[in-house]
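Beneath this line is the structure, given in structure tokens, with notes to follow.
What you see below is based on every heavy atom in this structure, not just the backbone, and it leaves out hydrogens, waters and symmetry mates. Chain naming here is simple, since letters A, B, ... match the order of the sequence lines and numbering starts at 1 in each.
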Amino acid sequence: MKKKTGKFNLILGCILLGGIGLFALSGLLFMPYDPEGMDIANKLAAPSLAHPFGCDNFGRDIFSRVQSGLLTTLGIGISSVALGTVLGTLLGALMGYYAGLIDEGLMRIMDVLFAIPSILLALIFLSVFDSSMGNVILALGFSIVPSFAKMMRQEFRKQREMEYVKVAKLFGASDARILFVHILPNVMPTFINCILISFNNAVLAEAGMSYLGIGVQPPKASLGRMLSEAQGYLTSAPFYTIFPGIIMILMLFGFCLLSEKGSEKNA
Amino acid sequence: MEQSNVCEVRNLSFSYAKSGFGRKKAGQGSSISDISFSIKEGEILGLVGESGSGKSTLAKCIAGLLEPSQGTIEKQKVQMVFQDSYSALNPAKTVGWLLEESLRLSGVKDKEIRREKIRQMLDEVELEEEHLDRKPSALSGGQRQRVMIAMALLANPGLLIADEPVSALDVTVQKQILGLLKKLRKERKLAILFISHDLRTVYGLCDSCMVMKEGKIVEAGSKDELYCNPKTEYTRLLLQSAGIEWE
């Protein structure tokens, strides 16, 4: 019974993410309108055949803006998770494998970072530097590192005691080789799970930051940015909120289902 | 005929760092003190003793996994075969990868040469080519131990330390592995330090033998000397408990 739900979750998650991925891809190939092109005659026009998702307060086509906003959000998510994964795995591996001073020192720094909500850290970072796309990615990437490193540390700590690590040492494998060629494949389930959860957090955080007005700057579209702009028209033009919102929810839901599957396998 | 020593140990001591109150930390082995012996080319030396007598600590010191606190070890290249082949083989890798890794790490860069050497080694340890694509968990205990031996031999050691290599296997498989070790000794002139708590296996395999107790070697000598004419009380006790008559 439990196995069946797990498989169902996996399939549903894949379908959702596949659909979202295709939608994003379609944005790369074809957008019906310029997402930043204004057309005041169509201001807040309701969904129609010409504008399937309707138009926003500047008469911009919401369908095209959702497409381009999704691309922005995915782009930011993927690059910040890549950054966080590389740094987090590196730190986690070092901390877990070399116990002692390195571990203690780095762990205390992580604890301090953990105590401050990561979105707050990103906020501070972005208010000090300007909120260009690159800086948003940096801020989000770094905010992922502490939790990622902590999870990976635990796994590497466990693997370090295994006999096969001793064997690799005996054959003369370098520490880097032991860490990333011998141990890393053995912690894959946790590793993948970490990536999925981080991605979810990054997308949510990006939306939150855009909503607060410090993420992606107008007129560029991102899903969070659109939601923040749409809130003034919640009653007069609900479609403005609903379409970017639904896309976002489906995407996050998809990642949740996949990571749930991963943690089940882990247990 | 005088044969050269592949390993000479002089006055070797090792003690684990104690935690606060002088107790052993979890997972630590036993200390050893003032151990001297040598192994000749092509010799199989047995090392027996009860658990906690420091056999594995001595093995790890010789293999270079532990840094001795005192004494010297002169040795050729040493490789080791572990008791628990299940955890000693990386569960995420295939047998083929593991064997190749052994060659890669001993500096064999050419892929074709590696393939060739592995093929020869499979014959030598009596494994099939189909085993190469399997994960260690899909093999039997005896097959895994053969993989361990193959990995060790591919690194071309002068001395092979076998730390309780057959204790986890059932009797028929034990016999095969012991036969394999004997064959390797004969064909490669490989020296083997065979660690076991089972005096019967040691008798069947080794040329000479050492008895360890509480980190010290209490008796050493050729097999016949030791088994037929034990000098210390402790050795007699061991033989007695193994049900071996010495007179």
Side-chain angles (χ1 to χ4, degrees), chain A residues 85 88-90 92-93 95-104 107 151-196 261-267, chain B residues 17 25-29 56 59-67 77-95 97-108 135-137 144-145 147-157 159-161 163-165 168:
Chain A
T85 302
T89 309
L90 209 63
M95 289 195 302
Y97 190 69
Y98 305 100
L101 267 181
I102 307 180
D103 179 40
E104 280 300 318
M107 209 49 204
M151 291 228 254
M152 292 314 283
R153 169 183 179 263
Q154 207 114 35
E155 289 294 312
F156 274 88
R157 173 63 48 88
K158 241 190 278 167
Q159 297 291 327
R160 188 179 74 132
E161 309 297 333
M162 303 289 280
E163 204 106 285
Y164 73 84
V165 175
K166 255 183 246 161
V167 173
K169 227 184 266 177
L170 190 62
F171 281 91
S174 65
D175 282 3
R177 194 168 174 85
I178 289 178
L179 282 178
F180 299 110
V181 180
H182 289 256
I183 297 184
L184 192 60
N186 283 295
V187 301
M188 259 312 155
T190 315
F191 183 69
I192 289 170
N193 221 7
C194 274
I195 291 180
L196 288 172
K261 177 69 196 153
S263 55
E264 247 169 47
K265 222 182 222 168
N266 223 3
Chain B
K25 283 184 198 163
Q28 282 188 346
S56 292
K60 282 177 192 159
C61 280
I62 298 173
L65 286 173
L66 295 172
E67 194 64 39
K77 202 165 174 188
V78 175
Q79 275 303 336
M80 207 165 158
V81 174
F82 292 81
Q83 172 180 11
D84 185 1
S85 57
Y86 193 77
S87 65
L89 296 173
N90 194 331
K93 304 290 187 184
T94 61
V95 171
W97 190 91
L98 286 167
L99 294 179
E100 245 193 297
E101 178 75 352
S102 171
L103 286 171
R104 266 195 295 264
L105 292 173
S106 29
V108 182
K135 296 265 172 75
S137 56
R144 276 201 296 271
Q145 209 52 273
V147 173
M148 262 321 297
I149 293 172
M151 272 176 78
L153 291 182
L154 283 170
N156 213 7
L159 171 65
L160 182 73
I161 302 176
D163 190 354
E164 307 254 10

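- Going from atom OH of A:Tyr164 over to atom CG of B:Asp84 covers 13.5 Å, rounded to the nearest 0.5 Å.
- Contacts between B:Lys60 and chain A at a heavy-atom distance below 4.5 Å involve the side chain alone, from C-beta outward.
- A:Val165 does not touch chain B: none of its heavy atoms, backbone or side chain, sits under 4.5 Å away.
- Identified under the salt bridge (charged side-chain N to carboxylate O under 4.0 Å, His left out) test for residues 162-177 of chain A, with sequence neighbours left out: A:Glu163-A:Lys166, A:Arg177-B:Glu101.
- Evaluation of the side-chain contact (heavy atoms from CB on, under 4.5 Å) rule for B:Ala150 yields B:Leu99, B:Met121, B:Val125 as partners, not counting sequence neighbours.
- With sequence neighbours left out, the side-chain contact (heavy atoms from CB on, under 4.5 Å) criterion links A:Lys158 to A:Glu155.
- Contacts from residues 86-93 of chain B to chain A, taken as heavy-atom pairs separated by less than 4.5 Å, involve B:Ser87, B:Ala88, B:Leu89, B:Asn90, B:Pro91, B:Ala92, B:Lys93 in sequence order.
- Shown here is B:Glu67, whose CD atom has no more than 12 heavy atoms of other residues, nucleotides or ligands within 6.0 Å.
- A heavy-atom distance below 4.5 Å is not found between the side chains of A:Phe171 and B:Leu154.
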